[in-house]
Undergrad: 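Pasting a structure below so you can have a look.
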Amino acid sequence: MAIFIASTKSISRGNGQSAVASASYRAGVELVDKRYGKTHDYSKKHGVMSADIILPSALADAKATVDRGDLWNKAEAAEKRVDARVAREWLVNLPHELSAEDRKELAHQFAQTLADRYGTIADCAIHQPTQKEIDRGADPRNFHAHILFTTRTAELDDNNEIVLKKKGNH
């Protein structure tokens, strides 16, 4: 029987973190961080089963879209303080007894519920343990989701572009 475990943490400039770098690592992709003029390339990272942007239902219904690089660069640009919290992450274990499709659906439902409740955008990356990790002693059943949320609510402007507005209450 699966045991539910979830934790949350802030992605904060005060800790030397970047939302763009965090998203790049979790999704296993290359992203350009405009604030720092740096490219983060985790495209060779193993174990990423999927990575999807989850919009609040109101924005999805309006056919809004945003790509990962634009989203997290907007999140960085919206914050002015040097010690700002630029994202919040939920780390959620996923039952190994479920199929890959069911694990993804479960993670997406969780992310969608929070995105709708707080009006924020989620970036949901599902990971499985790699053979290298298993060889070092990791549990081969350690399927989990890294779900990054914007700290600000998302809205559409007059040009139907996503903008990040006020701080969310999450």
Side-chain angles (χ1 to χ4, degrees), residues 6-45 48-92 94 100-101 103-127 144-170:
S7 62
T8 182
K9 72 175 187 175
S10 294
I11 306 299
S12 171
R13 288 185 191 153
N15 292 333
Q17 298 168 311
S18 154
V20 177
S22 296
S24 173
Y25 179 78
R26 283 149 183 84
V29 296
E30 179 179 318
L31 295 177
V32 175
D33 191 328
K34 294 175 184 172
R35 177 178 169 82
Y36 297 105
K38 185 175 180 181
T39 298
H40 302 282
D41 187 0
Y42 291 99
S43 57
K44 292 182 175 54
K45 179 176 174 35
V48 179
M49 298 177 72
S50 66
D52 301 288
I53 302 294
I54 313 275
L55 298 174
S57 294
L59 295 184
D61 293 347
K63 306 290 188 230
T65 61
V66 65
D67 86 1
R68 181 170 283 108
D70 287 342
L71 172 63
W72 296 112
N73 275 295
K74 285 180 184 197
E76 285 286 347
E79 303 302 332
K80 303 305 175 210
R81 294 175 51 120
V82 296
D83 62 348
R85 184 179 75 206
V86 291
R88 179 173 301 283
E89 178 185 32
W90 279 80
L91 177 61
V92 181
L94 300 169
E101 185 178 304
R103 284 191 294 267
K104 183 175 181 175
E105 183 178 335
L106 180 66
H108 282 209
Q109 285 176 353
F110 180 79
Q112 189 70 61
T113 298
L114 292 176
D116 287 343
R117 179 177 296 163
Y118 298 110
T120 57
I121 299 175
D123 190 349
C124 182
I126 299 174
H127 292 190
H144 55 280
H146 294 269
I147 309 171
L148 289 176
F149 286 91
T150 59
T151 58
R152 294 182 175 269
T153 60
E155 299 175 12
L156 291 178
D157 66 10
D158 294 337
N159 297 322
N160 214 32
E161 295 281 324
I162 289 177
V163 292
L164 300 177
K165 295 299 231 176
K166 63 181 174 140
K167 282 283 194 179
N169 294 326
H170 63 294

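Fair warning: this is a prediction, and the values are worked out from it, not measured in the lab.
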Undergrad: To the nearest 0.5 Å, how far apart are CD in Gln17 and CZ in Arg85?
TA: 12.0 Å
Undergrad: Looking only at heavy atoms, which two atoms of Ser24 and Leu31 are closest? And how far apart?
TA: N-CD1, 3.7 Å
Undergrad: Could you measure the distance from the CG atom of Leu59 to the OG1 atom of Thr120? Nearest 0.5 Å is fine.
TA: 10.5 Å
Undergrad: Just wondering, more than 12 heavy atoms not from Lys45 lying within 6.0 Å of its NZ?
TA: yes
Undergrad: Restricting to non-hydrogen atoms, name the atom on Asp123 and the atom on Ala23 that form the minimum distance, rounded to 0.1 Å.
TA: OD2-CB, 3.9 Å
Undergrad: Once the angle between the rings of His144 and His127 is folded into 0 to 90°, is it parallel (under 30°), tilted (30 to 60°) or perpendicular (over 60°)?
TA: perpendicular
Undergrad: Got Arg117 and Leu114 here, is their nearest side-chain heavy-atom distance under 4.5 Å?
TA: yes
Undergrad: Of all heavy-atom pairs between Ala6 and Val92, which one has the smallest distance, and what is that distance?
TA: CB-CG2, 4.2 Å
Undergrad: Quick test of your reading: applying salt bridge (Lys or Arg N to Asp or Glu O under 4.0 Å), list the pairs with at least one residue in residues 7-24, sequence neighbours left out, ordered by first then second residue.
TA: Lys9-Glu89, Arg13-Glu76
Undergrad: Measure from the side-chain N and O atoms of Thr113 to the backbone N and O of Gln109, and report whether any donor-acceptor pair falls under 3.5 Å.
TA: yes
Undergrad: How long is the gap from OG on Ser18 to OH on Tyr25, to the nearest 0.5 Å?
TA: 15.0 Å
Undergrad: side-chain contact (heavy atoms from CB on, under 4.5 Å) for Arg26 and Leu148? Distances and angles first, verdict last.
TA: CA-CA 9 Å; Arg26 283 149 183 84; Leu148 289 176; 4.0 Å; yes
Undergrad: Testing the basics here: between Phe149 and Ala115, what is the closest heavy-atom pair and its distance to 0.1 Å?
TA: CE2-N, 3.9 Å
Undergrad: Kindly say whether Glu161 contributes a backbone atom to a donor-acceptor pair with the side chain of Asn159 at under 3.5 angstrom?
TA: no
Undergrad: For residues Ala107 and Ile147, report the shortest heavy-atom separation together with the two atoms involved.
TA: O-CD1, 4.1 Å
Undergrad: Verify side-chain contact (heavy atoms from CB on, under 4.5 Å) between Leu156 and Lys63, making sure each step is shown before the conclusion.
TA: CA-CA 10 Å; Leu156 291 178; Lys63 306 290 188 230; over 6 Å; no
Undergrad: Please find the pair of heavy atoms, one from Ser22 and one from Ile11, that lie closest to each other, and give the distance.
TA: OG-CG2, 3.5 Å
Undergrad: Would you give the length of the straight line joining atom CZ of Arg152 to atom NZ of Lys74, rounded to the nearest 0.5 angstrom?
TA: 14.0 Å
Undergrad: Distance check, rounded to the nearest 0.5 Å: Ile54 atom CD1 versus Cys124 atom SG?
TA: 5.5 Å
Undergrad: Within the distance-only criterion (no hydrogens, no angle test), does the side chain of Ser10 pair as donor or acceptor with the backbone N or O of Arg88 below 3.5 angstrom?
TA: no
Undergrad: Decide whether Asp41 and Ser43 meet the rule of one side-chain donor and one side-chain acceptor closer than 3.5 Å.
TA: yes
Undergrad: Output yes when Glu155 and Lys166 qualify as a salt bridge under the 4.0 Å nitrogen-oxygen rule, no when they do not.
TA: no
Undergrad: Roughly how far, to the nearest 0.5 Å, is the CH2 atom of Trp72 from the CD1 atom of Ile121?
TA: 8.0 Å
Undergrad: Quick one: do Arg35 and Asp33 make a salt bridge, cutoff under 4.0 Å?
TA: no
Undergrad: If you define the side chain from C-beta out and look only at heavy atoms, does anything of Leu55 sit under 4.5 Å from Val66?
TA: yes
Undergrad: Donor-acceptor pair, Asp52 side chain versus Ile126 backbone, under 3.5 Å?
TA: no
